[in-house]
Protein chains: 2
Amino acid sequence: MPRNGAPTRERILDAAERLVIDNGYAATSLDRVIAESHSSKGSFFHHFASKDELARALVERYAAADIAHLETALAEANAASDDAAERVLRFVRSFEDTADELMSAQSSCLYVSVLTERELVERGTSGQVTNAIVAWREGLTGLLQAALPDPPGLDLHDVADHLFVTFEGAFILCRATGDPSHMRRQLRAVRQLYQALLSR
Amino acid sequence: MPRNGAPTRERILDAAERLVIDNGYAATSLDRVIAESHSSKGSFFHHFASKDELARALVERYAAADIAHLETALAEANAASDDAAERVLRFVRSFEDTADELMSAQSSCLYVSVLTERELVERGTSGQVTNAIVAWREGLTGLLQAALPDPPGLDLHDVADHLFVTFEGAFILCRATGDPSHMRRQLRAVRQLYQALLSR
DNA sequence: GTTGTAACAGACCGACTGGTCTGATACAAG
DNA sequence: CTTGTATCAGACCAGTCGGTCTGTTACAAC
């Protein structure tokens, strides 16, 4: 086999991810992705058939990392305590504790950038996002069901989805205010709200 | 005075708002805005100096309507009950009751589209968004303070911001899943979480 | 060394972009 | 009826866009 192209592909994905998260998909030109990844037109189109294909690869990689992150946190929460309510709170707390780190690594969420463009979604880019959302929903619903076996008038799926909603909404709030500490503070608020629900 | 250009300007803003909410700012071309508003290049650039100027006008109009909506709901909540906790719940409930209507009128939020593009934000488009966020924060913090005068380890500003976060996050969730009912369900979830907090 | 091919480089292309410019048109004031 | 101007129409322009094409280079197999 000739040269190994994998590192180049990763460099392109890294640069594209940063640019798309910062400025959105349509506002990110391939010329800029190519320049910032120190690549070339020929190289880019050798690895990706089109810009849309790049978007699909970006989302696939991002969603896989997201789900891996979720599963690590789930495992840690399960190992940390035998009390079901405590597990829920530990789970949320683990994201709260790493929120500042997260926000210094990325200025927003790739999901937001991709979902903002409806025509892009309709070209089949959002399947992996839905997978990730379902994984978060089911993971947290499991923890919540153990803590609230007979919830009074609550849909635990919605309560579980609310954590994803908090993440995405907090990204927007951080961007609007220019203050990345809102991510940690919103995760803290949602933990305290969950705590109120579980300790009633 | 010659012809009245105000209706044309509004038609352009209406078309642009729908297109930008659907597909984002960069992905929305002026040609398309002009076509869908049944206008022309000359007409467009008579009313707006540039595309960025259009963005600023869009956000200004959208934020003003947003704040007006907030103030109506605040007044209604205050009129509806004397109990402070009840006022908070009524306030959230009013958005829950109109959520389906909201989602049939718009597929997402203009704030998301505009904030997604950092370079656009840096060109001074987000000032009005911050105003709106502060208005929501202060309005709801007022209601919460009356219900929880001495909150134990809670930052009521963050708890108040959480409603805005829920709105924005739910817009993302709706777009990802293609299911607009998530808006109502997330507002219901956050109301139930607030209820748990207030009735502890 | 020859050869085959994945990996890369960059000139080039048509389509479309935001924006300009010239001119036409409606309408109120005198 | 003339005139001034806000409003509008659309041909046009330079630059950028995603994408193509031709060619070169590195490396493994033989």
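Letters A, B, ... are given to chains in the order of the sequence lines, protein chains preceding strands, and every chain is numbered from 1. We use all heavy atoms of the structure for the numbers below, so side chains are in, but hydrogens, waters and symmetry mates are not.
The interatomic distance linking B/Phe45 (CZ) with D/dA6 (P) rounds to 19 Å, in whole Å. For the pair B/Lys51 NZ and C/dG19 C1', the computed distance is 12 Å after rounding to whole Å. As a whole-Å value, the separation of B/His46 NE2 from C/dG19 C1' is 16 Å. Per the geometry, OH belonging to A/Tyr25 stands 14 Å off P belonging to D/dC17, to the nearest Å. With rounding to whole Å, A/Leu54 atom CG is found 15 Å from D/dC17 atom P. In this structure, B/Glu119 places its CD atom 15 Å from P of C/dG18, rounding to the nearest Å. The CZ-P distance, from A/Arg9 to C/dA6, rounds to 16 Å in whole Å. Rounded to a whole Å, the CZ atom of A/Arg32 is 20 Å from the P atom of D/dG15.
Along DNA chain D, the nucleotide nearest to A/Ala26 and the one nearest to A/Gly42 differ in position, and the one closer to the 5' end is contacted by A/Ala26.
For the residue pair B/Ser107/B/Asp22, the side-chain donor-acceptor check at 3.5 Å is satisfied. With hydrogens and angles left out, the side-chain atoms of A/His162 and B/His162 include a donor and acceptor closer than 3.5 Å. Side-chain atoms of B/Trp136 and B/Asp66 include a donor-acceptor pair closer than 3.5 Å.
An OP1 or OP2 oxygen of C/dC8 is reached within less than 4.0 angstrom by no side-chain nitrogen or oxygen of A/Ser39. The side chain of B/Thr8 contributes no N or O atom lying less than 4.0 Å from OP1 or OP2 of D/dT7. Considering only side-chain N and O atoms, A/His47 lies under 4.0 angstrom from the phosphate OP1 or OP2 of C/dC8.
Ring centroids of A/His182 and A/Phe171 are separated by 6.0 Å or more, keeping the two rings apart.
In the set C/dA9, C/dG19, C/dT17, C/dT17 carries the atom at the smallest distance from any side-chain atom of B/Asp31. In this structure, of C/dC8, D/dC17, D/dC8, it is D/dC17 that holds the atom nearest to the side chain of A/Ser29.
Across all strands, B/Lys41 comes closer than 4.0 Å to base atoms (heavy-atom distances).
With salt bridges taken as basic N to acidic carboxylate O contacts below 4.0 Å, one links A/Arg61 and A/Asp14.
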